[in-house]
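Sequence lines set the chain letters: A, B, ... in the order given, protein chains first and strands last, and positions in each chain run from 1. Because only heavy atoms are used, hydrogens play no part in the values below, and waters and symmetry mates are left out as well, while side chains stay in.
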Number of protein chains: 2
Amino acid sequence: MTTDKKDSTEQKILDAAQKVFIQKGMDGSRMQEIANEAGINKALLHYYFRTKQKLFEAIFKKLIQTAIPDIKEMFFSELSVEKKIAAFVDVYTDLLYNNPYLPLFVLREINRDPHSLAAIMKNQGINPGEVLSVFEKEMAQGNIRRADPRDLLINILSLSIFPVAATPLLSEIFFNGEANEYRDFLRERKTSVKEFILNSITLR
Amino acid sequence: MTTDKKDSTEQKILDAAQKVFIQKGMDGSRMQEIANEAGINKALLHYYFRTKQKLFEAIFKKLIQTAIPDIKEMFFSELSVEKKIAAFVDVYTDLLYNNPYLPLFVLREINRDPHSLAAIMKNQGINPGEVLSVFEKEMAQGNIRRADPRDLLINILSLSIFPVAATPLLSEIFFNGEANEYRDFLRERKTSVKEFILNSITLR
DNA sequence: GTCTATATGGCGATAGAC
DNA sequence: GTCTATCGCCATATAGAC
């Protein structure tokens, strides 16, 4: 490679914008702060991305993709449903361990502008129907406890995502604000969450 | 009563500010919009609350109190631990059914200004220790499955709060953006959540 | 207490030199 | 492509009449 994309100005802007937007959101972020973070000046931001809105959308789309792990291989594998769920919790826990700001960022911005969501989500091919039908089949076969499959999926997502989204709150409550201790706690929680789910759906 | 507090200017401001802040957050809200919502002008906002920051803090403190149901009577009752948990899920589900914006508002603003949290929380006397020790005792007595009591509490909170906080996302995914249908779904979910938790913690 | 008018500063965006 | 300088607007906040 003759040009090192990692060090290109455009890439520096994207990195800086992601860092600022993910923490402070669209409304709370300033172009000046992004420019400082990137080590350039404001004018250059507009030269590359024209408006704050367009810069934000570039970051948002990228992060939405990050936030959706590839569940297809998991749910269309030959694994038992218990193993599929366990694998999903593992993947999602690791993903959010490395991107702890992601959940709150996505929730905040989707709430701010719900319309932009629909369009972007269609592009990402989000389709819970396939996962739900796996659950339905397993329930019909008597492999797991019968329930509304949407509830089961929402429960799995809740247990995986909320503890990360609520980090500032929960680390204060349980660890007197020591975010690093809470972070360690979350990683160890992986096993416990899988047990919690499996204990609940396994027939006795 | 000679003065009707409900119709006082101060109360109109507080109502309007809550409506705007809870939806758009501190950063996304405008004093002009709050003034319009209250049917007054901007200057009067500052006459009563001096700064946007102080007005926001008044709302934030009030909403934090709203967000924390009185769990003492529940957890110090003579009910079985299963019934205590079920009662908690009931209370919290109803609370959030009536205040669906609350979870995301609290998470967003605590993330924005984590320092303000600690002080306010101390004032509210939030002390999970008492709930945790109830769980510990029940686990020691073999009434419920042994686990880290913090995990159990976080699981209960996750299952109760996340589905509400993620309403714009989940109503899009499961109900094509029909928020009212999703809202109904959440209410019916109450039973399912209680079953999910109890199935998981009950010994076989 | 409530209003209109205005001060003050900051932010997104652009012009234009290099 | 990158910079400095600046425009134009909008938001918070204040002054001052009533």
Side-chain angles (χ1 to χ4, degrees), chain A residues 1-63 105 108-109 111-113 115-116, chain B residues 1-62 105 108-109 112-113 115-116:
Chain A
M1 294 194 273
T2 51
T3 57
D4 193 341
K5 268 208 168 180
K6 281 278 164 66
D7 286 343
S8 73
T9 300
E10 184 168 353
Q11 193 56 45
K12 279 194 291 188
I13 292 174
L14 288 172
D15 290 345
Q18 171 164 334
K19 184 171 173 186
V20 176
F21 278 139
I22 208 170
Q23 232 209 63
K24 308 199 172 182
M26 169 71 173
D27 291 336
S29 297
R30 299 291 160 250
M31 294 296 266
Q32 183 62 60
E33 187 177 358
I34 295 172
N36 293 345
E37 184 73 32
I40 57 168
N41 56 41
K42 270 192 304 179
L44 215 45
L45 293 181
H46 289 95
Y47 174 80
Y48 277 90
F49 292 91
R50 232 169 63 81
T51 67
K52 181 185 180 183
Q53 178 64 28
K54 287 190 191 304
L55 176 56
F56 177 79
E57 280 166 13
I59 302 296
F60 185 73
K61 278 181 194 160
K62 183 179 156 235
L63 288 178
F105 172 79
R108 177 182 31 192
E109 302 305 333
N111 181 70
R112 192 181 64 84
D113 183 8
H115 286 295
S116 72
Chain B
M1 297 196 270
T2 51
T3 57
D4 192 342
K5 266 206 167 178
K6 281 278 164 67
D7 285 344
S8 73
T9 299
E10 185 168 353
Q11 192 57 45
K12 279 193 292 189
I13 292 174
L14 287 171
D15 290 345
Q18 170 165 333
K19 184 171 173 186
V20 176
F21 278 139
I22 209 171
Q23 232 207 70
K24 309 200 170 178
M26 168 71 172
D27 291 336
S29 297
R30 298 293 161 246
M31 294 296 265
Q32 184 62 58
E33 188 177 359
I34 294 172
N36 293 345
E37 185 72 33
I40 57 168
N41 57 41
K42 273 190 301 180
L44 215 45
L45 294 181
H46 289 94
Y47 174 79
Y48 277 91
F49 292 91
R50 232 171 60 81
T51 68
K52 181 184 181 183
Q53 178 64 26
K54 288 190 192 303
L55 175 57
F56 177 79
E57 281 166 13
I59 301 297
F60 185 72
K61 279 180 194 162
K62 184 180 155 233
F105 171 80
R108 177 179 44 200
E109 301 305 334
R112 193 180 63 83
D113 182 8
H115 287 296
S116 72

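A distance of 12.5 Å separates CD of Q18(A) from CZ of F60(A), quoted to the nearest 0.5 Å.
Here E109(A) pairs with R112(A) in a salt bridge; the nearest charged N to carboxylate O distance falls below 4.0 Å.
As a whole-Å value, the separation of I13(B) CD1 from dG1(C) C1' is 11 Å. Between the CD atom of Q11(B) and the P atom of dG1(C) there is a distance of 14 Å, given to the nearest Å. If you measure from atom CD of Q32(B) to atom C1' of dC3(C), you get 13 Å, rounded to the nearest angstrom. Taking atom NZ on K12(B) and atom C1' on dC3(C), their separation rounds to 14 Å, with Å as the unit. Atom CG of D7(B) and atom P of dT2(C) are 12 Å apart (whole Å).
Heavy-atom distances under 4.0 Å link DNA chain D to I40(A), N41(A), A43(A), L44(A), Y47(A), Y48(A) of residues 38-62 of chain A, given in residue order.
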Residues 39-46 of chain B side chain polar contacts: donor-acceptor under 3.5 Å, at least two apart:
{"unit_1": "N41(B)", "atom_1": "OD1", "unit_2": "A43(B)", "atom_2": "N", "d": "3.4"}
{"unit_1": "N41(B)", "atom_1": "OD1", "unit_2": "L44(B)", "atom_2": "N", "d": "3.2"}
{"unit_1": "H46(B)", "atom_1": "ND1", "unit_2": "K42(B)", "atom_2": "O", "d": "3.4"}

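Side-chain rings of F56(B) and F21(B) approach one another, their centers coming within less than 6.0 Å.
The nearest pair of heavy atoms linking K12(A) to A38(A) is O-CB, 3.8 Å.
Evaluation of the salt bridge (charged side-chain N to carboxylate O under 4.0 Å, His left out) test over residues 27-36 of chain B, restricted to residues two or more places apart or in two chains, returns K24(B)-E33(B).
For dT2(C), one of the phosphate oxygens OP1 or OP2 lies less than 4.0 angstrom from a side-chain nitrogen or oxygen of T9(B).
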